[in-house]
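Working notes, structure below.
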Amino acid sequence: QVQLVESGGGLVQAGGSLRLSCAASGRTFSSYVMGWFRQAPGKEREVVSAISWSGGSTYYSDSVRYRFSISGDYAKNTVYLQMNSLNPRDTAVYYCATREGPQVTVTPSAYDYWGQGTQVTVSS
């Protein structure tokens, strides 16, 4: 059973930065994608960023490109999301997810395992 545990959320002022971490355990497949999603109150869950662990390709949504950066520590089986220049529109619960296979996809339903989520609140 794959388990994902997020950490690093919190309250930050606009213009500030946070780094989210997602530690994975129990995974047995060799090719997979790690993704970060977020869900604000009353809105659908949306992709923020994703990385192919085997191919290294990455994806960023238009709303976070050039502000957020995704990276991975293979030895620790952990993926990070560095978030800079945060604004109130980034306020949401952020989820880490993973799916088997090398192809980066932005569809939440394509991901098989999810973390519990971590709250990010950006004050103006």
Side-chain angles (χ1 to χ4, degrees):
Q1 181 72 14
V2 177
Q3 290 188 325
L4 303 174
V5 179
E6 302 107 331
S7 61
L11 173 64
V12 64
Q13 288 188 334
S17 298
L18 284 173
R19 189 177 81 154
L20 304 183
S21 300
C22 173
S25 62
R27 188 190 346 250
T28 58
F29 34 95
S30 59
S31 176
Y32 51 93
V33 172
M34 299 288 290
W36 284 101
F37 295 78
R38 67 186 182 187
Q39 188 166 18
K43 295 188 176 181
E44 293 186 354
R45 191 168 298 187
E46 63 175 1
V47 66
V48 174
S49 182
I51 183 169
S52 173
W53 220 243
S54 55
S57 59
T58 58
Y59 169 87
Y60 296 95
S61 67
D62 289 343
S63 62
V64 307
R65 188 174 293 119
Y66 309 123
R67 298 188 298 123
F68 291 10
S69 177
I70 193 169
S71 62
D73 185 325
Y74 297 93
K76 296 182 178 180
N77 217 4
T78 298
V79 65
Y80 304 98
L81 185 68
Q82 178 66 43
M83 306 186 295
N84 300 325
S85 301
L86 286 162
N87 61 64
R89 292 186 299 276
D90 296 315
T91 295
V93 177
Y94 283 70
Y95 297 91
C96 173
T98 188
R99 65 181 298 269
E100 187 175 2
Q103 186 67 39
V104 171
T105 179
V106 303
T107 306
S109 61
Y111 288 75
D112 301 307
Y113 302 96
W114 291 81
Q116 80 286 355
T118 184
Q119 177 71 46
V120 172
T121 303
V122 185
S123 63
S124 58

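The basis for the numbers below is simple: all heavy atoms, side chains too, and nothing from hydrogens, waters or symmetry mates.
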### Query
In Å and rounded to the nearest 0.5 Å, what is the CG to CD1 distance from L20 to I70?
10.5 Å
### Contact summary for L4 and C22, nearest pair of heavy atoms
CB-SG, 3.9 Å
### Task
Measure the spacing between OG of S52 and CE of M34 and express it to the nearest 0.5 Å.
11.5 Å
### Message
Can you confirm whether more than 12 heavy atoms, excluding those of Y66, are under 6.0 Å from its OH atom?
### Response
no
Show me, pair by pair, the donor-acceptor contacts under 3.5 angstrom made by side chains of residues 101-109, not counting sequence neighbours?
none

### Task
Start with the C-alpha distance between Q119 and T91, add both sets of side-chain angles, then the distance that settles side chain to side chain contact (heavy atoms under 4.5 Å, CB included), and finish with yes or no.
CA-CA 8 Å; Q119 177 71 46; T91 295; 4.0 Å; yes
#### Entry: Non-hydrogen atoms of S17 and N84 that approach each other most closely
OG-OD1, 2.9 Å
### Query
Is there a donor-acceptor contact under 3.5 Å from the side chain of S54 to the main chain of S31?
no
### Query
What about W114 and F37, are their ring centers closer than 6.0 Å?
yes
### Query
Just by distance, do the side chain of T98 and the backbone of V33 share a donor-acceptor pair under 3.5 Å?
yes
### Message
According to salt bridge (Lys or Arg N to Asp or Glu O under 4.0 Å), does anything in residues 35-54 pair up with another residue at least two apart or in another chain? List the pairs.
### Response
R38-E46, R38-D90
### Query
Distance from Y94 atom OH to F68 atom CZ, nearest 0.5 Å?
4.5 Å
### Message
Donor-acceptor pair, distance only, cut-off 3.5 Å: does the side chain of Y111 make one with the backbone of C96?
### Response
no
### Task
Spell out, as yes or no, whether a donor-acceptor pair under 3.5 Å connects the side chain of S49 to the backbone of Y59.
yes
### Task
Mind listing the closest non-hydrogen atom pair of E6 and Y95 along with its distance?
OE2-CA, 3.3 Å
### Task
Quick one: pull up OG1 in T118 and CG in L18 and give me the separation to the nearest 0.5 Å.
8.5 Å
### Query
Just wondering, do D112 and V2 contact through their side chains at under 4.5 Å, heavy atoms?
no
### Message
Do V5 and Y74 land in one hydrophobic cluster if side-chain heavy atoms of ILVMFWY residues count as linked below 4.5 Å?
### Response
no
#### Entry: Euclidean distance, Y80 OH relative to W36 CH2, rounded to 0.5 Å
10.5 Å
#### Entry: Side-chain heavy atoms of R67 within contact of N87, under 4.5 Å
yes
### Query
To the nearest 0.5 Å, how far apart are OG in S63 and CZ in R89?
9.0 Å
### Query
Looking only at heavy atoms, what is the nearest atom pair of P88 and S124, with distance?
CG-CB, 3.9 Å
